[in-house]
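Heads up, the thing below is written out as structure tokens.
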Amino acid sequence: MLISDRKAADRAQATYPDGTREAVRFDFVSIIFQARDGREVLAVDNVDLRIMQKEFVALVGPSGCGKSTLLRSVAGLVNPSKGDVRVNANDGLTGFARVAVVFQAATLLPWKTVLGNLLYPVKFGTRKPGVDYMERARELLAMVGLERFADAYPSELSGGMQQRVAICRALILDPDILLMDEPFSALDALTREELQFELRRIHQTTGKTILFVTHSMSESVLLADRIVVMAAHPGRIKDDFRVDLPAQRDASTLDLPEFATHVKRVRDGIYGETRGVKR
Amino acid sequence: MNSSLRPVLLPILTFVFLILAWQMITVGFQVPEFLLPRPTSIIAAALRLGWPLLTVHAAATLETILLGFIISALVAVPLGVMLAANKLASEALYPLLIFTHAIPVIAIAPIVVVSVGTGLNARLIVVTLISFFPIMVSTATGILNAPGDMLDLGRTVGASKWQRIATIAFPHAIPFIFNGFRIGIVGSVIGAVVGEFVSANSGLGYLVVRSTSDFDVPAAMVCVIILAIISVTLYQLTTIVQALISPWAPHGRE
């Protein structure tokens with residue numbers, strides 16, 4: 001068990017007086033990379049952020065703003081150089097049972113069938129007793145309309161179908177926290193929109209905490225309950241606000257005047273300071 | 001000509017044309033048999049040697065090829081995985097392995113015979129020296145080529161380093177390993193023949209040496225042709241085995 005986990009457990013699961021609980025906590029996190037030429041690059045500068053349980057948070061910003069790095073630090077793929085990243089999962093959970101990830105590419109294993117790919121995290125992560133994961137995998141596939149493709153290989157699926165399988169794979173061990181790193185950016189516009197509404201529906205029904213990294217301003221507004229806007233060089237938080245839109249989102253959400261206002265706020269957050277400055 | 005048959009018929013026609021040209025030139029210019037035998041005398045030599053004799057020798061060579069190849073694969077694949085997975089092992093062993101590969105195997109073959117005797121063992125060592133290296137390098141390359149995002153997936157699902165190698169890097173390396181097998185199996189044929197040149201009393205390589213010392217070049221050519229057929233067949237067989245064990249690859253290609 002990681003020391004940071006134990007510390008988090010000691011802090012009484014970081015429950016607030018109003019009953020809400022923290023899911024992920026960044027305590028003054030800085031992440032420094034060693035570039036190839038030996039120079040140090042400050043990818044994330046002093047980020048202090050708390051993400052509450054069941055919250056759908058979008059991290060939005062230009063490339064190089066450290067949003068993916070921040071997400072990878074939650075997944076344990078990157079270690080913070082300064083500060084601390086804590087995940088408030090139940091004690092002893094490992095792998096995708098603790099934190100599950102959906103990457104930009106579907107990253108399905110080509111030599112496994114769809115079903116085999118769904119069951120891959122089950123081999124390593126914490127299993128709940130009494131759960132038939134084969135059955136659960138089939139239920140998840142049915143949820144995204146892919147039950148007929150259980151025995152197909154990934155190469156036989158379209159990009160959108162592959163990413164649906166990757167989302168199912170992330171849900172197989174029923175994690176509390178779902179990390180998504182620009183999961184729809186490689187898809188065509190129509191498939192992207194379809195999957196966006198689907199993800200929103202999944203969030204509504206499963207109540208997962210979702211940390212969603214994107215560079216699309218409208219995507220962040222359409223999906224998230226809260227938006228954290230980041231700026232680059234060094235990567236830091238510029239704005240952090242709640243999205244004041246109905247929980248139920250669909251195509252009509254795009255036509256709401258509030259939608260445009262929110263997108264504008266994100267845009268201002270990103271361009272605000274640099275717009276007038278010659279770079 | 002029917003376009004679907006063309007890829008099959010065209011090379012056959014070319015082949016027949018070349019054989020005919022060969023026959024006509026050797027007859028027309030009265031080329032002596034021991035310099036370049038006519039296709040008809042090669043066929044005659046094959047009939048003279050006879051099916052039983054040729055199969056006995058071909059079987060002996062095939063045994064050396066296959067045993068040698070299997071030993072190579074059994075040594076090279078785990079070694080390749082280890083070199084790719086462990087920096088220390090790689091630094092310690094790789095220069096040495098390159099050196100063994102740099103040794104001209106044909107030069108070392110007689111020495112091997114002196115050291116380990118004239119039996120099958122000497123021939124197997126020669127085969128292994130030739131064919132293990134390409135298999136090892138291809139395996140290591142395949143393991144190191146595993147996509148970073150797939151390995152990240154392995155890390156996030158909680159797989160240990162060796163579990164990631166077993167479940168991600170190794171399956172990913174299979175097409176690379178089979179490329180190594182294809183180079184290795186052709187190398188095994190060469191190794192077996194070289195081994196038989198220096199120490200054997202059976203096998204097609206032995207038959208080549210015996211025939212040429214009698215200036216029976218047509219008989220030697222028969223052996224060479226059989227060796228070529230063995231080589232091509234084993235090469236194709238490797239591809240078929242690959243298609244069978246990797247049904248996920250579209251159309252069974254790597």
Side-chain angles (χ1 to χ4, degrees), chain A residues 2 68 71-79 87 89 92-114 116-127 151-157 165-166 169-170 172-173 175 177-183 186, chain B residues 73 77-78 80-81 84-85 87 138-182 238-254:
Chain A
L2 293 167
S68 286
L71 179 126
R72 290 168 69 84
S73 75
V74 182
L77 294 170
V78 176
N79 285 322
V87 173
L93 291 182
T94 58
F96 268 20
R98 184 166 173 268
V99 173
V101 192
V102 178
F103 296 92
Q104 183 172 3
T107 58
L108 302 179
L109 306 178
W111 49 88
K112 284 184 180 288
T113 60
V114 165
N117 269 289
L118 247 62
L119 293 171
Y120 183 68
V122 179
K123 241 187 286 194
F124 308 103
T126 312
R127 287 176 287 268
D151 299 317
Y153 285 103
S155 60
E156 300 170 76
L157 306 183
V165 175
R169 178 178 62 189
I172 187 86
L173 285 177
I177 299 163
L178 204 53
L179 306 176
M180 308 185 88
D181 191 2
E182 304 194 34
Chain B
V77 172
V81 172
K87 208 167 153 56
S138 312
T139 306
T141 309
I143 297 280
L144 291 174
N145 181 270
D149 51 358
M150 276 189 200
L151 294 173
D152 281 349
L153 171 78
R155 228 168 266 139
T156 52
V157 300
S160 69
K161 181 185 173 186
W162 287 103
Q163 284 171 331
R164 291 199 294 276
I165 288 172
T167 61
I168 295 171
F170 190 77
H172 173 83
I174 284 174
F176 293 81
I177 295 173
F178 270 90
N179 282 339
F181 282 170
R182 272 184 285 270
T238 315
T239 304
I240 292 168
V241 171
Q242 180 182 4
L244 286 178
I245 69 156
S246 37
W248 62 84
H251 317 301
R253 277 175 297 143
E254 71 268 31

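What you are looking at is a predicted structure, and each value in this text was computed from that prediction instead of being measured. Within every chain, numbering begins at 1; the chains are lettered A, B, ... in the order of the sequence lines, protein sequences first and strands thereafter. Both backbone and side-chain heavy atoms feed into the values below; hydrogens, waters and symmetry mates do not.
For the side chain to side chain contact (heavy atoms under 4.5 Å, CB included) test with Thr156(B), the passing option among Leu179(A), Leu77(A), Val99(A) is Leu77(A); the others fail.
Looking at Lys123(A), the atoms closer than 4.5 Å to chain B (heavy atoms on both sides) all sit in the side chain, from C-beta outward. Neither the backbone nor the side chain of Ile174(B) comes within contact range of chain A; no heavy atoms are under 4.5 Å apart.
Contacts between residues 140-147 of chain B and chain A, counted as heavy-atom pairs separated by less than 4.5 Å, involve no residue at all.
When the ring-ring contact (aromatic ring centres under 6.0 Å, His included) test is applied to Phe178(B), the partners found at least two apart in sequence or on another chain are Phe181(B). Taking the ring-ring contact (aromatic ring centres under 6.0 Å, His included) definition, one finds that Tyr153(A) meets it with nothing, sequence neighbours left out. In this structure Pro154(A) satisfies the side-chain contact (heavy atoms from CB on, under 4.5 Å) test together with Leu108(A), Asn117(A), sequence neighbours excluded.
Side-chain polar atoms of Thr239(B) and Arg182(B) form a donor-acceptor pair below 3.5 angstrom.
The shortest heavy-atom contact between Leu151(B) and Arg164(B) is O-CD, 3.5 Å.
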* Trace of the side chain to side chain donor-acceptor pair (under 3.5 Å) decision for Asp181(A) with Ser68(A) -> CA-CA 6 Å; Asp181(A) 191 2; Ser68(A) 286; 2.8 Å; yes
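A donor-acceptor contact shorter than 3.5 Å links the side chain of Lys161(B) to the backbone of Ala85(B).
Of the listed residues (Ala75(A), Gly125(A), Pro110(A)), the greatest number of heavy-atom pairs within a distance under 4.5 Å of chain B belongs to Pro110(A). Of the listed residues (Gly158(B), Ser160(B), Pro171(B)), the one with the most heavy-atom contacts under 4.5 Å to chain A is Pro171(B).
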